[in-house]
Every structure is written in structure tokens, then in C-alpha cells.
Amino acid sequence: MAQDIQFAWSLYHGYENYKDKHLSNRRFKYSNILPLIHHLKNNNIFAVKKAGESAEGRDVYLLSLGSGDKKIFCWSQMHGDEPTATAALFDIFNFFLTENHYTELKNYLFDKTTLYFMPMVNPDGAELFQRRNIYEIDLNRDATHRQSLEAQILYSAFEEIKPEFGFNLHDQDRSYAAGLSGKSAAISFLAPPFDYNKTLNESRIKSMKLISEQYNLLSEFIPGHIAKYQDDYEPRAFGDNFTKSGSSIVLIESGGWRDDREKEFLRKINFISLITSIKSIAEESYLTEKIETYQTVPINEKLMMDFILRNITVRKFQTKYVVDIGINYEEININNNYDFYYMAKIEDIGDLSVYSGYKELDATGLTLVLGKTYEKEFNSVNEIKSVEPSSLLQKGITNLKLSDGNFNNQYSPFLFNIILNKEERIEELKEEAVPNFVLCERGTFKYAIINGFITRVNNVGRKAGNALIFR
Ligand SMILES: [Zn+2]
């Protein structure tokens with residue numbers, strides 16, 4: 001184990017040498033990976049072949065390297081908006097391509113294993129940055145009927161390879177925690193069951209042992225942030241079906257990590273996880289692990305929120321009460337889905353003590369006042385820019401009226417929400433509403449929460465905004 005940990009750390013420290021810089025934005029598309037795949041044809045390490053075509057005619061590729069008996073198949077992004085592992089696969093390709101001091105190890109791996117990779121199984125979904133394919137079918141519920149072309153491509157490749165190990169690579173919601181730890185589930189694993197009784201067979205036990213080893217190894221980098229995906233049997237899912245056919249399947253879900261919305265750190269963890277897994281399978285070192293380790297990995301629980309404000313005083317209905325307010329930021333796709341803005345919503349109100357926030361504020365002693373609309377109407381964006389934000393925030397203002405025919409932004413670039421229809425607007429304090437309020441201490445406004453983002457009233461700084469536009 002000590003040697004494996006040392007190896008994992010060497011990957012950790014050397015990662016920047018392999019990280020594919022072409023994929024720097026999580027919303028990369030098929031057109032961004034295609035030249036990288038073509039580039040892989042120009043060497044004698046990789047075999048690149050077209051595995052099929054998506055519904056919109058995008059070629060899906062199967063890459064392979066090595067010539068060993070142990071076949072390992074990694075596929076990513078069957079859900080179009082789950083790209084983290086796809087980026088990590090290209091980092092891994094660079095690791096194998098680059099001249100580095102791992103030559104001996106790489107030759108050993110090529111001798112013991114044959115590695116197969118299918119990056120971006122669902123390129124049409126990736127184009128729209130959506131989970132499903134263009135038939136609106138969830139590929140991971142189409143493993144048996146296989147009405148979508150992409151499900152057929154994945155299934156055929158699997159049938160042809162009949163791998164000993166399969167890695168099913170996904171992203172999951174940031175809202176999962178590792179059990180009741182209060183820590184985000186950065187990486188979640190699963191050895192998928194193949195029946196409702198969750199029977200253990202040899203291939204599933206092998207998956208569990210490999211995950212046990214990964215749990216110990218990755219705890220070096222993300223201690224407490226590793227979870228186990230719910231193990232309910234899903235007869236329509238690929239992992240469950242492939243397990244049934246006798247392969248050892250490992251599901252890896254990249255979840256949430258504080259201050260890593262782009263998941264660059266989790267991509268690095270994927271890189272380490274997959275290379276160390278491949279090495280372990282080649283050496284069969286995982287076989288000495290105990291499945292009890294797997295069984296004690298905490299379950300994924302939906303107990304994280306983006307921002308939690310604790311102990312806010314609310315005065316309403318001629319009374320006064322104290323609540324926590326939980327906020328999540330939803331990404332709204334713009335610019336052909338290459339970009340997004342945030343729309344915040346109130347996820348919950350009340351006792352949120354069981355939840356943890358990626359960010360938290362103790363608002364004890366602060367009273368909530370709903371955000372107001374400034375009575376004056378602005379005629380241009382420049383006019384808004386000339387106003388000192390603090391002077392408006394001190395009055396409890398969160399919304400500005402604008403009458404400018406040339407203004408066609410999709411979100412407000414200011415701290416303030418923009419109202420284009422001249423109407424006064426108040427966001428109520430209720431579930432699903434946009435969090436828009438100020439927090440007051442003994443008659444003075446201290447913080448403003450606009451579209452869920454917090455600003456100090458007297459110290460705004462030069463922050464760029466992401467507020468909303470009300471039309
Ligand atoms: Zn998924």
C-alpha cells in the first residue's frame with residue numbers, strides 16, 4: 001500500500017504535465033475533442049476506431065492500447081452534461097503518450113492489459129449540455145431496450161470487448177454529502193448490483209475490492225469526501241446489466257468540491273483514480289482488499305446546499321421567528337450552451353441543521369428585510385454604472401428599473417437585478433423563490449443577498465455581478 005500511495009502522489013504532483021489544456025471549460029463540445037482524437041491516430045500506441053454514429057451523425061470513437069489479457073473498458077459522458085471524466089480521459093491519454101519516467105510501468109501495463117476508452121458516449125447531449133440524448137432518452141435507462149443509437153454503440157462495444165473490468169464514468173449533483181459527515185461527496189463509487197436481492201458474485205466482489213482499495217488511496221487527497229452511490233438495482237441501467245453479464249463494473253461519480261465549480265480538481269482525482277485502478281488490476285493487488293471496507297463507505301446523502309444562512313430573524317404576521325435559509329445556484333445555459341449564468345433559488349426554510357453549506361453565514365442577530373425596487377428609472381447601463389452601489393444597498397434596494405432598448409443581456413452584469421418592465425418587484429420569502437433580501441442589524445443594513453449572492457452593504461468592492469433580469 002505504501003508504494004501505491006507514493007505512486008498516487010507522484011501522479012498528483014506530475015498532473016500538470018498531462019492535463020489537456022484544450023479542455024479548460026467544463027462545457028467543451030464534441031468539436032473540442034474531435035481534433036484530440038484525430039491527433040491520437042498519429043502514433044503507434046493508440047488504435048482509434050469509429051464505433052458508431054450518434055443520432056445527429058457525430059462519430060463515437062473507441063480507442064485502445066496495450067495487448068494484454070486483462071481487458072479494461074472505460075466509457076464517459078453517457079449523460080451529456082457530465083463531462084468531468086471525459087476531460088480526465090484525455091489527460092490519461094497524454095500520460096500514455098508523453099515521454100516520462102513511467103516508461104517501465106507503461107510497458108508493463110501494455111503487456112498485462114488491453115485498455116479501451118469511449119469518451120463522450122452522448123455527443124449530442126453534450127452539445128446541448130443536457131443529460132439525455134436528442135430523443136430525450138436517458139441512455140442509462142436504455143441498456144435493455146436500446147432504442148437510442150448511442151446505447152447501441154456502447155452496448156456493442158462492450159459485447160465485443162467483454163472486459164474483465166468496466167469503469168462507468170459520471171458526474172453527480174453537488175448536493176450529495178458523504179453520509180452524515182457534513183462533507184461533500186467529491187467522488188462516489190458503486191459496485192452495481194445485478195438483481196433486486198443485491199446478490200454478491202465473484203465479479204461484483206472484485207469491484208468491491210477495487211473500490212475498497214480506491215477508498216484508502218483517494219483518502220490521501222479527499223479524506224472524508226468519498227461516498228457510495230445508492231445501490232438499488234436498476235434493471236435498465238448499463239452498469240447493472242454489464243455486471244449481470246459477468247464483468248466487474250465500477251461506477252465513479254464526480255460530485256462537488258468547495259470552490260471547484262468547474263470540477264478541475266475532481267478531474268485530477270479521476271485521473272489518479274483511473275490510472276491507479278488500471279495498475280492495480282494489472283498487478284491484481286486489489287484482490288487482497290476486504291469488502292468490509294467497501295461496506296463501511298458512507299452512503300451518498302442529499303445533504304449539501306450551495307449557501308446556508310443560519311439563524312435569520314424574520315418579522316412577519318405580527319410575529320418574530322428564527323430560521324435557516326438554504327440556497328442553491330442553478331446554471332442556466334447561454335451562448336449555445338458554452339456558457340451559463342446562475343439563477344439562485346430558495347431550497348428550504350426552517351431548521352436546516354442536518355444540511356451543510358459549501359458556504360455558510362451565521363446570521364444570528366440579523367433580521368431579514370425583503371429587497372426593494374429603486375423608484376428612479378435608469379435610461380442607460382452607463383447611468384447605472386455611475387451610481388455607488390453602497391448608497392442603494394443602504395436603502396435596502398436590490399432591483400433597478402432600466403429603460404434601454406439596446407440592453408439585451410441574458411443576465412444582469414451588476415450586483416442588482418434589472419427590471420425591464422417598469423414594475424415594482426418583491427421576491428417573497430418562500431420555497432423556490434429567488435433569494436433577494438437584505439439583513440439588518442439594529443436598524444442598519446449589513447448584508448445584501450441578491451440572486452443568492454452575498455455582498456457587504458458598506459464594502460462592495462469591485463465584484464462583477466450575476467443578478468437576474470426581470471422582463
Ligand atoms: Zn450520469
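Counting starts at 1 for both ligands and their atoms, in listed order. Note that this is a predicted model, so its numbers are computed, not measured.
- Of all protein N/O/S atoms, those under 2.8 Å from the Zn ion (ligand 1) are H79 ND1, E82 OE1, E82 OE2, H170 ND1, and waters are not counted.
- Remark: E234 engages R236 in a salt bridge, criterion side-chain N to carboxylate O under 4.0 Å.
- Note: Y18 and Y102 have tilted aromatic rings, judged against thresholds of 30 and 60 degrees for the angle between ring planes.
- With sequence neighbours excluded, the residues forming a salt bridge (charged side-chain N to carboxylate O under 4.0 Å, His left out) with D173 are K302, listed by chain and number.
- The closest side-chain donor-acceptor pair between N417 and S412, if any, does not fall under 3.5 angstrom.
- Below 30°, between 30° and 60°, or above 60°: for W9 and Y12 the angle between ring planes is above 60°, a perpendicular geometry.
- A cation-pi contact links R174 to Y358, judged by a cut-off of 6.0 Å to the six-membered ring centre and 45° from its axis.
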